[in-house]
Amino acid sequence: MKILFTASECVPFCKTGGLADVVGALAPVLAEKGHDVRVMLPLYSAVPHEYVKDMEHVVDFEVELGWRKQYCGIEALKKDGVTYYFVDNKYYYGRSYIYGLGGDEHERFGFFCRACLNALTLLQFQPDIIHAHDWQSGMTPALLRIQYQHLPFYENIKTVYTIHNLQYQGIFGIPDVQDVLGIGDEYFTNDKLECYGCANFMKAGLVYGDEITTVSPSYAEEIQTAYYGERMDGLLRAKREHLSGVLNGIDIKEYNPATDPLIPAHYTADDVSGKALCKRALQEELGLEQSEDTPIVAIISRLSNQKGLDLVDRVIGEIMSEKVQLVVLGMGDAKYVNLFSWAEQHYPGRVAARFKMDGALAHRIYAGADVFLMPSQFEPCGLSQMIALRYGTLPVVRETGGLRDTVLSYNEANNAGNGFTFFNYNAHDMLYTLRRALFFYQEQKQVWQLLQSRAMNGDYSWGHSAEVYLSLYRDMLGHDAPATAAAQEAPAPVKKPRARKPKAETEEKPAAEKKTRTRKPKAETEEKPAAEKKPRTRKPKAE
Ligand code: ADP
């Protein structure tokens with residue numbers, strides 16, 4: 001198959017959050033399976049020179065944006081079997097930031113979406129699937145259907161649109177978006193691009209994407225409710241037959257405590273002794289008291305209200321009244337920077353807070369800490385808790401979204417679990433659960449070791465989820481099309497427009513076959529007591 005990702009960030013080139021990790025890890029895995037995978041992303045000034053110097057200029061052209069004509073260069077780089085195309089325009093992307101400050105985000109990413117589509121004919125690359133990610137790419141499926149589909153080159157291209165975080169939607173004035181993208185008034189109705197009086201890039205992706213995915217099965221359910229739906233829940237319920245949750249993986253080569261070059265000592269599930277050395281080194285590096293048996297609770301996170309830091313704020317005194325040390329690495333809202341700066345001053349030698357993006361320090365913290373705290377208000381998937389699990393740092397998380405799908409609370413009755421969870425968005429529930437974790441750490445070492453070993457042995461790779469995406473693509477194309485490199489040279493297959501599967505057929509599929517992308521029956525989710533809630537995608541292996 002020929003697959004094009006369009007995304008606003010991708011590791012190792014530029015990253016502000018999990019989106020970059022996902023695009024950067026999934027694309028090579030799909031390529032490894034023999035598909036022709038290409039990624040388009042903006043050429044920000046933040047892309048490191050070590051990559052820019054190896055890029056090859058492939059083509060340049062002008063992009064029409066209303067009355068403007070803007071230069072667009074396409075610079076290519078091949079890496080790990082994937083072709084990366086960087087959309088070059090210094091006016092839009094040669095800035096000191098990736099998102100946000102200029103007040104012209106609709107123009108920067110409107111340009112990006114149009115440039116991606118225009119580039120395809122010049123590159124002579126006709127993808128079977130365009131897989132667009134998050135609001136910055138949301139106009140790609142919409143423009144394709146509204147302005148390009150009548151052209152033979154584009155008519156058979158199918159689109160998948162993935163929500164990585166529904167909170168960020170790209171909301172702008174309708175006249176501003178019309179001015180840039182030249183879309184007529186007839187498309188700014190509430191069943192299309194209009195959204196509460198504005199234009200909304202996320203909604204564009206949701207309305208015009210042939211299939212919608214999001215990054216965990218639980219989040220796919222949650223966003224159909226008013227609480228989590230960010231005012232899109234009605235639309236998402238209407239499109240539920242085309243909405244599924246596919247759990248993210250992590251790069252298990254990068255995050256491997258047995259080989260990680262960024263940590264001071266290596267360890268495995270069978271021999272965790274190196275973790276104690278990592279802990280000692282971390283305490284020393286961050287100026288914490290040297291104490292082997294004081295548990296280190298870590299937070300590595302964007303400092304935003306999404307991450308449940310208000311709960312931490314509410315009970316920071318109670319947390320620190322326990323025998324613990326707290327390590328925080330993050331950037332974001334001033335109120336949380338103030339909170340953790342205050343804590344560092346107030347509890348010298350027991351709290352360390354660093355406000356910067358520092359991937360290497362993140363590795364050292366994952367390796368050296370004992371408990372990973374992630375009490376998110378909502379969490380589409382979350383990668384940090386999976387990384388923590390892989391490093392044997394047991395997570396304390398709120399049961400929401402991908403946290404619910406990856407962390408199973410320790411159950412003393414049957415010894416199941418790989419961490420500790422709580423359900424209500426409540427500071428004292430979090431505190432109770434953290435104290436429960438600390439109890440096992442301090443008083444029941446054998447339980448802790450069991451959970452640690454189970455956490456480290458879990459499968460957090462992309463293997464399964466990549467297959468789920470491929471089967472979604474195949475279903476959409478209506479054929480088995482395992483197009484490998486050879487198919488690149490072959491003339492583009494003439495594809496019949498695929499009729500949607502009749503509902504009855506979908507419903508009658510045997511459960512096992514459907515499992516990968518279906519939703520849990522609602523009643524089960526809502527009515528079962530928390531301990532019984534079953535359908536977690538990555539349950540830890542039973543002992
Ligand atoms: P989100 O995408 O909502 O920010 P995720 O948990 O999905 O959250 O992904 C966050 C990723 O960014 C993880 O890999 C985490 O380790 C990393 N990260 C977050 N903050 C920092 C930081 N200050 N320095 C280095 N890495 C960070």
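Both counts, for ligands and for their atoms, begin at 1 and track the order of listing.
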Worksheet item: If you count the atoms of ligand 1 from 1 in the order shown, which ones are under 4.0 Å from a heavy atom of Gly330?
Response: 23 (N)
Worksheet item: How does Leu383 reach ligand 1, by side chain, by backbone, by both or by neither, if only non-hydrogen atoms under 4.0 Å count?
Response: both
Item to complete: List every atom of ligand 1 that sits less than 4.0 Å from any heavy atom of Lys307, numbering the atoms from 1 in the order shown and giving each element.
Response: 1 (P), 3 (O), 8 (O)
Discussion item. For ligand 1, which is the ligand I care about here, please tell me if Ser384 has any N or O atom under 3.5 Å from one of the ligand's N or O atoms.
Written reply: yes
Discussion item. I need the contact type for His164 against ligand 1. Using non-hydrogen atoms and a strict under-4.0 Å cut-off, is it side chain, backbone, both or neither?
Written reply: neither
Worksheet entry | Selected option - heavy-atom contact closest to atom 19 (C) of ligand 1, from Leu329, Ile300, Val11 | Ile300
Fill in: Tyr432 atom OH: more than 12 heavy-atom contacts under 6.0 Å
no
Discussion item. I need the full list of salt bridge (charged side-chain N to carboxylate O under 4.0 Å, His left out) pairs touching residues 256-267, with sequence neighbours left out, sorted by first then second residue.
Written reply: none
Item to complete: Could you see which bit of Asp21 sits under 4.0 Å from ligand 1, with heavy atoms only: side chain, backbone, both or neither?
Response: side chain
Discussion item. So for ligand 1, is Gly17 a polar contact partner (N or O within less than 3.5 Å, distance only)?
Written reply: no
Discussion item. Under 4.0 Å from a heavy atom of Lys15: which atoms of ligand 1 are those, numbered in the order shown and with their elements?
Written reply: 11 (C), 12 (O), 14 (O), 17 (C)
Worksheet item: Which pairs count as salt bridge (charged side-chain N to carboxylate O under 4.0 Å, His left out) when at least one residue sits in residues 368-379, sequence neighbours excluded?
Response: Lys279-Asp370, Lys307-Glu379
Practice prompt. Check the angle between the aromatic planes of Tyr255 and Tyr391 and answer parallel, tilted or perpendicular using the 30° and 60° thresholds.
Written response: perpendicular
Item to complete: Give the numbers and elements of all ligand 1 atoms closer than 4.0 Å to a heavy atom of Lys356.
Response: 22 (C), 23 (N), 24 (N)
Fill in: Geometric class of the Phe420/Trp448 ring pair [parallel <30°, tilted 30-60°, perpendicular >60°]
parallel
Item to complete: Would you kindly specify which portion of Leu361 sits under 4.0 Å from ligand 1, judged on non-hydrogen atoms: side chain, backbone, both or neither?
Response: neither
Worksheet entry | Under 4.0 Å to a heavy atom of Gly18 - the qualifying atoms of ligand 1, by number | 1 (P), 2 (O), 7 (O), 9 (O)
Worksheet item: Considering only heavy atoms of Arg302, which atoms of ligand 1 have at least one such atom less than 4.0 Å away?
Response: 1 (P), 3 (O), 4 (O)
Discussion item. Can you name the atoms of ligand 1, numbered from 1 with element, that are less than 4.0 Å from a heavy atom of Tyr366?
Written reply: 15 (C), 16 (O)
Item to complete: Give a yes or no on whether a salt bridge exists between Asp358 and Lys356, defined as a side-chain N under 4.0 angstrom from a carboxylate O.
Response: yes
Worksheet entry | Atoms of ligand 1, numbered as shown, that sit under 4.0 Å from any heavy atom of Ile387 | 14 (O)
Practice prompt. If the plane angle is over 60° it's perpendicular, under 30° parallel, otherwise tilted; pick one for Tyr84 and Phe86.
Written response: tilted
Worksheet item: Between Phe111 and Tyr93, how do the two ring planes meet: parallel, tilted or perpendicular, split at 30° and 60°?
Response: tilted
Worksheet entry | Cationic tip of Arg398 above Tyr425 ring, under 6.0 Å, 45° of axis | no
